[in-house]
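Right, one structure below, let's go through it.
Remember, it's a predicted structure, so these values are computed and weren't measured experimentally.
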Amino acid sequence: MKITTPFAATIGLDWADQKHDLWIQPAEGSKAEHLQLAQTPEALHEWVAKLRERFGGRPVAIASRLPAVQ
């Protein structure tokens, strides 16, 4: 059964204080990718710009796991 989605990709984001882990699953079915981002505004900005370019500005779904607040 083929599932259709309005999203170009589904992204899981594990937000942390030193680095962020991401899993990207493109909607067209290619293999999921893992990457890590440094915990800097510049790294996050660069990653978002690359996402926009890669997926042509189409929407992506992002699920985030944030650290516990102490």
Report task. Walk me through it: do E46 and R52 pass the test salt bridge (charged side-chain N to carboxylate O under 4.0 Å, His left out)? Result -> CA-CA 10 Å; E46 181 181 342; R52 292 178 66 127; over 6 Å; no
Query raised in the report: Honestly curious: do F7 and W23 fall in one hydrophobic cluster under the side-chain, below-4.5 Å linking rule?
Result: no
Query raised in the report: Which heavy atom of A38 sits nearest a heavy atom of A43, and at what distance?
Result: O-CB, 3.6 Å
Report task. Classify the angle between the aromatic ring planes of W15 and H20 as parallel (below 30°), tilted (30 to 60°) or perpendicular (above 60°). Result -> parallel
Report summary line: For Q25 and S30 the tightest heavy-atom approach is NE2-O, 2.7 Å
Query raised in the report: So how far is it from E28 CD to F55 CZ, rounded to the nearest 0.5 Å?
Result: 7.0 Å
Report summary line: NE2 (H34) and NZ (K31) are apart, to the nearest 0.5 Å, by 13.0 Å
Query raised in the report: Are R58 and E53 close enough for a salt bridge, meaning some N to O gap below 4.0 Å?
Result: no
Query - Test item: L22 and I11 side chains (from C-beta on) under 4.5 Å apart, heavy atoms - result: yes
Report task. Please tell me if the side chains of L35 and W47 come closer than 4.5 Å, counting only heavy atoms from C-beta onward. Result -> yes
Report task. Apply side chain to side chain contact (heavy atoms under 4.5 Å, CB included) to the pair Q18 and Q39, showing each step before the final yes or no. Result -> CA-CA 5 Å; Q18 299 291 317; Q39 168 52 315; 5.6 Å; no
**Report entry** Between CD1 on residue I24 and CG on residue L51, distance to nearest 0.5 Å
**Finding:** 5.5 Å
Query raised in the report: Closest heavy-atom contact between P59 and P6?
Result: CG-O, 3.7 Å
